[in-house]
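Please read all numbers here as calculations on a predicted model, not as lab measurements. Each chain gets a letter, A, B and so on, in the order its sequence line appears, and its residues count up from 1.
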There are 2 protein chains.
Amino acid sequence: MVVTIFRALDDETRRLVLDELASRDGQTLFEICSTLATRHGLSLTRQAISQHLGVLEEAGLVMTERRGRSKFHYFNPAPLAEITRRWPIPERTDP
Amino acid sequence: MVVTIFRALDDETRRLVLDELASRDGQTLFEICSTLATRHGLSLTRQAISQHLGVLEEAGLVMTERRGRSKFHYFNPAPLAEITRRWPIPERTDP
DNA sequence: ACCATAGGCAAGCGACGGCTTGCCTATCAA
DNA sequence: TTGATAGGCAAGCCGTCGCTTGCCTATGGT
């Protein structure tokens, strides 16, 4: 199944994962689990987070790098440009 | 239920509706139905499109204006700024 | 070799989303 | 007033998503 960035972004947990990686890049699965738990009160299984990371990776929003038995995750905002390319966002939002 | 812009964008039909309104603003429900059918081969019920428009309106991506028995729909890209505000998009995407 | 650590695979369940169907309301024209 | 046009409400079906549970693989330390 093809995962679009729109599907990937349509989940608050995945958005929090992106926030986490944006603030501290290169975290492992277990690190993301613990930071999500302590900073956002998320009580999710490791597998749940793993699946979320899989979706984000398929969408190209997260890049990974294996070293030994660890897998490091990096936030890649580049695919988000598809949104602004499709619907240009006005500079200012003054009502 | 609260409809976020992320949920609203996570549907190709809704994205096509936004494209349609972006290219020709102020269309009615029936106009959107026919243009989607002719230009994208979408064979959906009027109610389906109506529900999509409802979701887009709840998310603030579509503004409406009633005149008589017609309801005109306008694309409002302003809420999309939430995305770039949360995750700044790099200017260029040269690899 | 042994065991703990870091992660993956797959099945199953509950809930929600998209779409249809059927019927109803409101506005305009004759 | 009658009928046609533009749209709304609500129930129901089916597929998909998020999450858990259980088990398996692989790397590193001692």
Side-chain angles (χ1 to χ4, degrees), chain A residues 1-21 24-38 40-59 61-74, chain B residues 1-21 24-38 40-59 61-74:
Chain A
M1 223 267 289
V2 179
V3 176
T4 67
I5 60 171
F6 304 105
R7 169 163 295 324
L9 290 178
D10 182 20
D11 186 281
E12 180 61 21
T13 301
R14 284 196 286 269
R15 295 194 288 269
L16 289 175
V17 168
L18 289 187
D19 290 341
E20 263 316 308
L21 291 180
R24 185 156 65 89
D25 225 1
Q27 296 191 53
T28 67
L29 171 57
F30 275 53
E31 287 175 324
I32 296 172
C33 284
S34 66
T35 51
L36 281 181
T38 60
H40 297 99
L42 256 284
S43 65
L44 286 182
T45 321
R46 173 182 58 86
Q47 282 81 351
I49 308 293
S50 177
Q51 287 169 7
H52 283 309
L53 286 170
V55 172
L56 290 169
E57 189 172 0
E58 278 194 64
L61 289 168
V62 162
M63 300 300 196
T64 60
E65 177 195 5
R66 278 207 98 116
R67 273 207 310 271
R69 60 183 167 184
S70 294
K71 188 177 182 182
F72 303 93
H73 300 79
Y74 303 90
Chain B
M1 223 269 288
V2 179
V3 177
T4 67
I5 60 170
F6 304 105
R7 169 161 297 322
L9 291 179
D10 183 18
D11 186 282
E12 180 61 19
T13 301
R14 285 197 285 269
R15 296 194 287 268
L16 288 176
V17 168
L18 289 188
D19 290 341
E20 263 316 307
L21 291 180
R24 186 156 64 90
D25 226 1
Q27 297 190 54
T28 66
L29 171 59
F30 275 53
E31 288 175 322
I32 296 172
C33 284
S34 65
T35 51
L36 281 181
T38 60
H40 298 99
L42 255 283
S43 65
L44 287 182
T45 322
R46 172 181 59 84
Q47 283 82 351
I49 307 293
S50 177
Q51 288 170 6
H52 283 309
L53 286 170
V55 172
L56 290 169
E57 189 172 1
E58 278 195 66
L61 290 168
V62 161
M63 300 297 197
T64 60
E65 177 195 6
R66 278 206 96 115
R67 272 206 312 271
R69 59 182 167 184
S70 295
K71 188 176 180 181
F72 303 94
H73 301 78
Y74 303 90

request  = Write down the atom of B:Thr13, the atom of B:His52, and the distance for their closest heavy-atom approach.
outcome  =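 Scanning both residues completely, I find the closest heavy atoms to be CG2-CD2, 3.6 Å.
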For B:His73 and B:Asp25, work out which heavy atoms get closest and say how close.
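Heavy atoms of B:His73 and B:Asp25 come nearest at O-OD1, 3.7 Å.
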**Asked** A:His52 side chain N/O closer than 4.0 Å to the phosphate oxygens (OP1, OP2) of D:dC17?
**Response**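 Answer no for this pair, as no side-chain N or O of A:His52 is under 4.0 Å from OP1 or OP2.
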**Message:** Looking at B:Phe72, I'd like to know if the NZ or CZ of B:Arg66 sits under 6.0 Å from its six-membered ring centre while staying within 45 degrees of the ring's axis.
**Reply:**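 No, B:Arg66 does not sit over the ring of B:Phe72.
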Q | Side-chain donor/acceptor of A:Thr4 to backbone N/O of A:Arg7, under 3.5 Å | A | yes
| message | From C-beta outward on B:Ser70, which listed nucleotide comes closest to its side chain: D:dA6, C:dA6, C:dG18? | response |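 For the B:Ser70 side chain, the nearest candidate turns out to be D:dA6.
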Which nucleotide wins on minimum distance to the side chain of A:Thr45, given the candidates D:dT21, D:dG28, D:dG7?
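So the side chain of A:Thr45 is nearest to D:dT21.
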* Can a donor-acceptor pair under 3.5 Å be found between the side-chain atoms of B:Arg46 and the base atoms of D:dG7? -> yes
- Query: Can a donor-acceptor pair under 3.5 Å be found between the side-chain atoms of B:Gln47 and the base atoms of C:dG22?
  - Reply: yes
Residues of residues 25-33 of chain B with a heavy atom under 4.0 Å from any atom of DNA chain C, listed by number, are none
**Asked** Contact class for A:Ser43 vs. all strands (heavy atom < 4.0 Å): base, sugar-phosphate, or nothing?
**Response**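 The residue A:Ser43 makes sugar-phosphate contact but no base contact.
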* When we call it a touch if two heavy atoms are under 4.0 Å apart, what does A:Arg14 touch: a base, just sugar-phosphate, or nothing? ->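 Touches sugar-phosphate only.
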Short N-O contact, B:Glu20 and B:Arg14, less than 4.0 angstrom: no
Distance in Å, B:Leu9 CG paired with A:Leu9 CG, rounded so as to fall on 0.5 Å steps |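 One finds 8.5 Å between CG of B:Leu9 and CG of A:Leu9.
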